[in-house]
Amino acid sequence: MSAKLPLLAGFLVLAAQAAAQAAAAPGGAGLTRQQQLDKLQLDERQLQLEQRRTSLEQALEELRLTRALHDSGFVPLLTYKQAQNSYAEARLQKEEAEILLEETKLDLLRNATHIVVRDARKYKSPDGKSMVDIVVENASDTRDALVVDPSLTEEDLRILLRVENIFVSLENGPLVGEPYETRVPALDVGERRTLTFRLLRDEEAVAVVLGYLDTLESIPVTLRKGGRENLPSINSAQFSQSGELQQDVRFDLILERLSDEERSFALAVLGLPRKIDHSFRNAGAKVNQVKFDETKSKDTLGLVLEIPEKLERNLVGLARPFFALVTEPREYARINAIRARYGDDPVPEEEVSALRANYVELELIPKGIGKLEVIVSNTYREIQTGEDLRIRVEFLNRGSVAVQNIKAALDLPYQWQEEVKPALIKRLEPEERAPLDIVARPPPDIAVGNYELGVEAQGQVGNENVESLEKNLTIHVGARSNIAGNVILIGILVLLVVGIGVASVRISRR
């Protein structure tokens with residue numbers, strides 16, 4: 001207890017002196033509260049070391065005196081051993097104070113070393129990838145390090161606070177930045193370094209993980225919207241779609257702009273035939289511009305294409321590339337000039353890339369339809385037993401594309417047989433007709449009555465089957481007349497009439 005009193009008294013004296021110096025110093029040049037505490041802690045460790053050195057010197061002097069007395073026979077061996085133990089303990093305490101002082105200095109230097117995140121900004125690269133720029137800075141305070149050793153020069157402090165091998169990564173649960181980790185070889189005091197990561201998934205906030213010296217810290221940051229790109233990016237969930245004539249086709253577009261600036265941008269389409277109307281839809285409403293601000297960085301639109309009923313045959317069934325653009329409103333004049341120059345022809349991508357616009361290339365395949373119809377002049381026919389039904393029908397293509405491999409499919413009554421000429425029509429163009437001769441043979445023992453016969457046209461357009469509505473005919477089968485019996489009967493009647501006439505003449509003469 002008595003050994004600690006001088007140490008405590010010395011520490012109180014140092015504290016009073018440091019407080020007096022801080023109070024006497026001008027406001028801008030004085031130490032901060034934390035710096036005062038750091039200095040007091042360092043002074044305490046220094047004072048403790050001085051006390052341990054003094055105690056070691058005293059123990060050494062006592063050991064020498066005890067050894068001399070022991071050698072002269074005035075002090076027993078036990079006393080000499082106790083003096084040796086006291087000296088060993090004093091030496092250990094002095095070494096412990098030296099280590100503690102160095103640890104305190106290292107801790108203070110570590111506390112004076114700061115790597116901070118100055119900025120974290122998200123933006124889109126020219127190829128549409130989500131990128132993040134992280135700005136890190138060595139914000140170490142030389143005044144904090146000066147507390148450790150006031151004799152250090154400014155250059156010494158900068159060398160001392162230079163941080164090497166800084167490792168940086170982005171996390172949000174798992175690692176979300178590519179590269180997964182990047183290394184900064186060294187950062188001088190006040191130096192900044194911009195590190196670029198690609199976001200593996202779209203995030204609004206991440207944790208910047210910094211590893212340097214023996215420190216590992218995770219700093220949560222909200223990603224600011226970058227200002228690199230002037231125009232929004234544009235992408236589509238669909239690349240190529242097909243649609244039948246007189247049908248609408250919709251492409252979903254995703255527009256994104258990472259900027260705090262409020263601006264409006266124009267929408268346009270290049271490369272479509274003029275007969276195909278288009279419109280941009282936002283929640284059902286037609287729009288031709290889109291606006292972004294600090295609260296809105298992404299928008300989803302629908303590009304609706306209206307394929308007309310009548311379209312040139314050279315456009316049907318072929319893939320037609322075209323472009324959806326987001327651009328400056330002042331670019332409309334150049335866009336209209338390109339439309340006028342190319343008309344219904346495709347627009348080369350070189351023309352689009354020369355515009356001040358971001359664009360996405362899409363593809364439309366207008367599909368024509370084949371529509372067959374069976375034409376019959378009379379749907380009621382009469383035959384007699386033993387006769388064949390002979391009819392002529394026409395197949396008409398009322399669609400917009402040619403139909404191939406057309407044949408007649410007959411729905412005949414039970415045990416009837418059929419014969420169709422021609423058996424196959426290889427191709428039938430739109431609005432073209434083709435005649436067919438159909439022979440339907442009833443069985444010999446067919447009963448008199450009415451029968452139904454169905455005629456249907458079947459063909460193909462590409463890999464799709466095309467069928468017409470079935471045309472139904474009513475067939476009346478009547479009994480065949482007995483001509484020989486009728487002639488005999490008529491002859492008998494004639495002879496009977498002649499006989500009656502002759503008999504009447506004879507009777508009148510009598």
Side-chain angles (χ1 to χ4, degrees), residues 32 34-35 38 105-149 152-233 256-261 294 297-298:
T32 65
Q34 184 61 47
Q35 288 171 347
D38 293 342
K105 289 182 178 181
L106 290 176
D107 287 341
L108 294 180
L109 286 175
R110 187 182 298 110
N111 294 334
T113 305
H114 302 287
I115 303 297
V116 297
V117 178
R118 288 300 185 193
D119 194 14
R121 189 174 292 268
K122 181 172 70 169
Y123 61 93
K124 286 288 184 180
S125 65
D127 56 357
K129 296 177 182 178
S130 293
M131 309 298 292
V132 174
D133 280 351
I134 303 295
V135 180
V136 295
E137 179 187 355
N138 184 348
S140 302
D141 194 340
T142 55
R143 292 180 302 172
D144 290 343
L146 199 60
V147 173
V148 178
D149 189 353
L152 294 174
T153 65
E154 184 73 18
E155 184 63 25
D156 293 336
L157 291 173
R158 289 187 171 277
I159 295 175
L160 190 63
L161 296 177
R162 173 186 169 92
V163 182
E164 298 181 348
N165 294 325
I166 305 167
F167 295 91
V168 185
S169 59
L170 302 184
E171 291 182 355
N172 191 347
L175 292 171
V176 294
E178 186 183 34
Y180 296 132
E181 186 176 67
T182 187
R183 171 179 169 269
V184 180
L187 270 184
D188 292 326
V189 177
E191 182 183 1
R192 294 187 179 186
R193 188 72 57 84
T194 300
L195 308 175
T196 300
F197 295 84
R198 176 194 171 193
L199 280 180
L200 299 178
R201 68 183 186 208
D202 194 16
E203 301 286 354
E204 297 298 326
V206 297
V208 181
V209 181
L210 300 175
Y212 58 96
L213 302 178
D214 58 350
T215 301
L216 183 65
E217 57 180 329
S218 179
I219 305 174
V221 295
T222 299
L223 300 178
R224 299 176 60 195
K225 299 174 185 177
R228 282 192 176 183
E229 72 281 1
N230 204 18
L231 292 168
S233 63
E256 188 173 10
R257 182 174 188 262
L258 301 176
S259 178
D260 298 331
E261 180 188 12
E294 61 180 3
S297 61
K298 183 181 292 187

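For this chain, numbers begin at 1 and follow the sequence in order. The model shown is predicted, which means the values in this text are computed figures rather than measured ones.
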Hey, what do you get for [atom1] ([X]) to [atom2] ([Y]), rounding to the nearest 0.5 Å?
X: Arg183; Y: Asn165; atom1: CZ; atom2: CG; answer: 4.5 Å
X: Leu187; Y: Ile166; atom1: CG; atom2: CD1; answer: 4.0 Å
X: Thr196; Y: Met131; atom1: OG1; atom2: CE; answer: 6.0 Å
X: Phe167; Y: Leu210; atom1: CZ; atom2: CG; answer: 12.0 Å
X: Tyr123; Y: Leu199; atom1: OH; atom2: CG; answer: 10.0 Å
X: Asp133; Y: Asp119; atom1: CG; atom2: CG; answer: 8.0 Å

Quick check: closest heavy atoms across Leu200 and Leu175, and the distance to 0.1 Å?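 Here Leu200 and Leu175 meet closest at CD1-O, 4.2 Å.
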Kindly say whether [Y] contributes a backbone atom to a donor-acceptor pair with the side chain of [X] at under 3.5 angstrom?
X: Ser233; Y: Glu256; result: yes
X: Asn138; Y: Leu161; result: yes
X: Ser140; Y: His114; result: yes
X: Asn172; Y: Ala205; result: yes

Taking only residues two or more places apart in sequence, or in another chain, which ones meet Leu213 in a side-chain contact (heavy atoms from CB on, under 4.5 Å)?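 Once residues adjacent in sequence are excluded, the partners of Leu213 under the side-chain contact (heavy atoms from CB on, under 4.5 Å) criterion are Thr113.
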Glu191: partners by salt bridge (charged side-chain N to carboxylate O under 4.0 Å, His left out), with sequence neighbours left out: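 Per chain and number, Glu191 pairs via salt bridge (charged side-chain N to carboxylate O under 4.0 Å, His left out) with Arg193.
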So Val132 and Val206, do their side chains get closer than 4.5 Å, heavy atoms only?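 They are not in contact (no side-chain heavy atoms under 4.5 Å apart), so the answer is no.
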Got Phe197 and Val208 here, is their nearest side-chain heavy-atom distance under 4.5 Å?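 No, their side chains stay 4.5 Å or more apart.
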Any pair with a residue in residues 204-216 that passes salt bridge (Lys or Arg N to Asp or Glu O under 4.0 Å), sequence neighbours left out, goes on the list, sorted by first then second residue, please.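 Residue pairs with at least one partner in residues 204-216: Arg110-Asp214, Lys122-Glu204.
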Could you check Arg162 against Glu164 for salt bridge (Lys or Arg N to Asp or Glu O under 4.0 Å), going step by step and ending with a plain yes or no? CA-CA 7 Å; Arg162 173 186 169 92; Glu164 298 181 348; 3.5 Å; yes
